2 protein chains.
Amino acid sequence: MPATLKDVARRSGFSVTTVSRALNGHSDVNIETRKKIEQAARELNYFPNRMAQQLVTRKTNAIGLYSLDRETFQNQFIALMISGMMDEATTHDFNLLLFATQRLMTAEEMVIQCKQRGLGGAVISGLRTDEAFIAELPAVEFPIVLVDVPVEGPRATYVSVNNVLGARSAVEHLASLGHTAIGMINGHDAAWVSQERLQGYKEGLLQHGLQIKDSYIYTGDFSKESGRRGAEHLLAANPELTAIFAASDLMAVGALEQLQAMGLEVPGHISVVGFDDQDFANHVSPPLTTIRQDMYVFGRLAARELIAMIEDTAYTPHHVDLPCTLVPRGSSGPVEKQGGVD
Amino acid sequence: MPATLKDVARRSGFSVTTVSRALNGHSDVNIETRKKIEQAARELNYFPNRMAQQLVTRKTNAIGLYSLDRETFQNQFIALMISGMMDEATTHDFNLLLFATQRLMTAEEMVIQCKQRGLGGAVISGLRTDEAFIAELPAVEFPIVLVDVPVEGPRATYVSVNNVLGARSAVEHLASLGHTAIGMINGHDAAWVSQERLQGYKEGLLQHGLQIKDSYIYTGDFSKESGRRGAEHLLAANPELTAIFAASDLMAVGALEQLQAMGLEVPGHISVVGFDDQDFANHVSPPLTTIRQDMYVFGRLAARELIAMIEDTAYTPHHVDLPCTLVPRGSSGPVEKQGGVD
DNA sequence: TCCCGAACCCGAAACGTTTCGGATTGGGGG
DNA sequence: CCCCCAATCCGAAACGTTTCGGGTTCGGGA
């Protein structure tokens, strides 16, 4: 139905070859000829057929996003990241395809599937650090960008915010408010970010001359419920705590609710800091002090690295630590003497 | 690099034609032959090249999602919808492409772009009812599904929840709790859902013999800030109000905050009901009573209709009203005598 | 013995591009 | 007048499939 090169050739009176060369801006075509051809193309509403193009030039102009974890897919997070990826893809005239898989098979199988679908590379999100799959990745000859999993190879890299720094600045924030007994509710171990945030927490404490106590650390699973349990547990074991840093906003909100249910005032009796800055962080009461990661630029960066690898086979991928910043809101405040709060 | 049909032919000793027919399950190939060919294909790790396939069979196996409004893209909403679309696409072996555009040009132009990219149809979200674009849509010969914009044609339909019913059940809920002075904070007029929800609100009132007062209706723009202003405005003009129905959770939360800032207790003095059931609805305090729309099945349905249109040229698209259900939570309660609340 | 159909297989064309390797002009220098 | 080069243009092959229109073989009925 749509017009083809042949149609344009017929209408303009030149050969298919010349039309192709004219429309692609090659030099060996007369300026007059080019104009006529462009005119004809416009009249016929001609657009090149991408399938045919890709078939002959073995270049692909599409990237894919594999989302393995449907839980995290449902938060606003991934939407922002997709948003960034879309914009970056658009500026490079790339398409963005989305895939949902529960598990990734072998790396080779995945690469074949990608190639078959015409992808030049893929971003993978939601991978757990305990997947065997990860080990195969660095060797793979197919451009891959991971989200929050540290893998690097000639055709593979990853994007992440600097979780260590982020967690550290959360602790610093609390310490600078006078807190000395700061607990942490962490995410599950299978997430790389958990390890990083824990490390940041520890570094923050050390930096302020505070001691690291195992009993101050509770391992949850990023869920609200685990945040609730974490707060309960931490306070039962350490009634002296005046601050809690949670490795996700969802856990922080769980903690918030639990603390308030226990009759504690936030931030009067105890301060809470989250991580992520999801939209609800600003809607809870008190609004959550948290570490903000900009998922939009995150997505843009992931797509940018991927496309660079695809377009330039010699490109050496590059890991960039995105900054994340503290957003002070109502849930954190200076230490006060017990009970003395309005 | 990947194996082609020719490779499989060479290895198995049959012709390209036979290999193709064998792999595609045609009947006129010997069972032994088929087995050998399948074996060879497996050994070579053969996967058909989608580009070539699509080039010759003019069938496409991809659908697209155009997102026009980046604001709404950023909520958890669209992520759930995409999630549903992905699953539906996957079960039909379709790809899902994402596009971001600020504005859609003419319908014809859009169709050409879609075809050029190999799409068989598109879902369009974030369209405003005042776009001229909409008028062209029913006539278009390309499968299209709209989100929350009522357009129907031989190759076009739309998905939506039953906003009238949803709004009505919100009002019924409040009325059954004894409320008789119920205000509404609506979204902006350019959204079709605003009109529908307003109508549902009115129907709900009438059904319970309550009067419709213009001063009880405030038109916002779906933002939290407009919810805040709406609450302030409504109560200033109508101090007798004991309940507010907001046409989005975000506005409901804005209203909630404003009411609390004004010293009113929710639900003690005044009840609030939202619409959407975004994730933060459950995290605010009190948790928001709201009308839940299941965006996952929403997405699935959109994709299902679209794919049906693509695969069966004779298929007459179908608009289905998805149900939406009231989720009673803490922000709504029975009317009480003024001031008598703990 | 001959013919016919079933079962199985294959060659070649087609889809819409890009690109390699020329072919055709016209003009200038020797 | 001949040669060569620059400027333009074009034919045909190739990319990896599917499918149309056959072709061959074999067995059985007439």
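Naming: A, B, ... by sequence-line order, numbering from 1 per chain. These numbers were taken from a predicted model, which means no experiment stands behind them.
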message = Any heavy-atom pair between the side chains of B:His319 and B:Ser160 that's under 4.5 Å?
response = yes
>> Could you check whether any side-chain heavy atom of A:Val123 comes within less than 4.5 Å of a side-chain heavy atom of A:Met81, counting everything from C-beta outward?
In response: yes
Under a 4.0 Å heavy-atom criterion, the protein footprint on nucleotides 13-27 of chain D, written with B, S and -, is --BBBBBB-------
query = With distance as the sole test, does B:Thr157 use its side chain to make a donor-acceptor pair with the main-chain N or O of B:Glu152 at under 3.5 Å?
reply = no
From CD of A:Glu32 across to C1' of D:dA7 the rounded distance in Å is 14 Å
From CG of A:Asn30 across to C1' of D:dC10 the rounded distance in Å is 15 Å
Residue pairs passing the ring pair (Phe, Tyr, Trp, His ring centres under 6.0 Å) test with at least one member in residues 86-135 of chain A, sequence neighbours excluded, are A:Tyr66-A:Phe99
In A:Glu43, A:Lys35, A:Lys36, the residue satisfying side chain to side chain donor-acceptor pair (under 3.5 Å) with A:Gln39 is A:Glu43
Per-helix bend value, the helix from C:dT1-D:dA30 to C:dG30-D:dC1, C1' rotation axes over five pairs per end, 10° rounding, shows 70°
Output for pair (B:Gln54 CD, A:Asn49 CG), nearest 0.5 Å, gives 9.5 Å
dist A:Asp321:CG -> A:Tyr158:OH (nearest 0.5 Å) comes out at 6.5 Å
* Asked: Is a salt bridge present between B:Arg300 and B:Asp294, judged by a nitrogen-to-oxygen distance below 4.0 Å?
  -> no
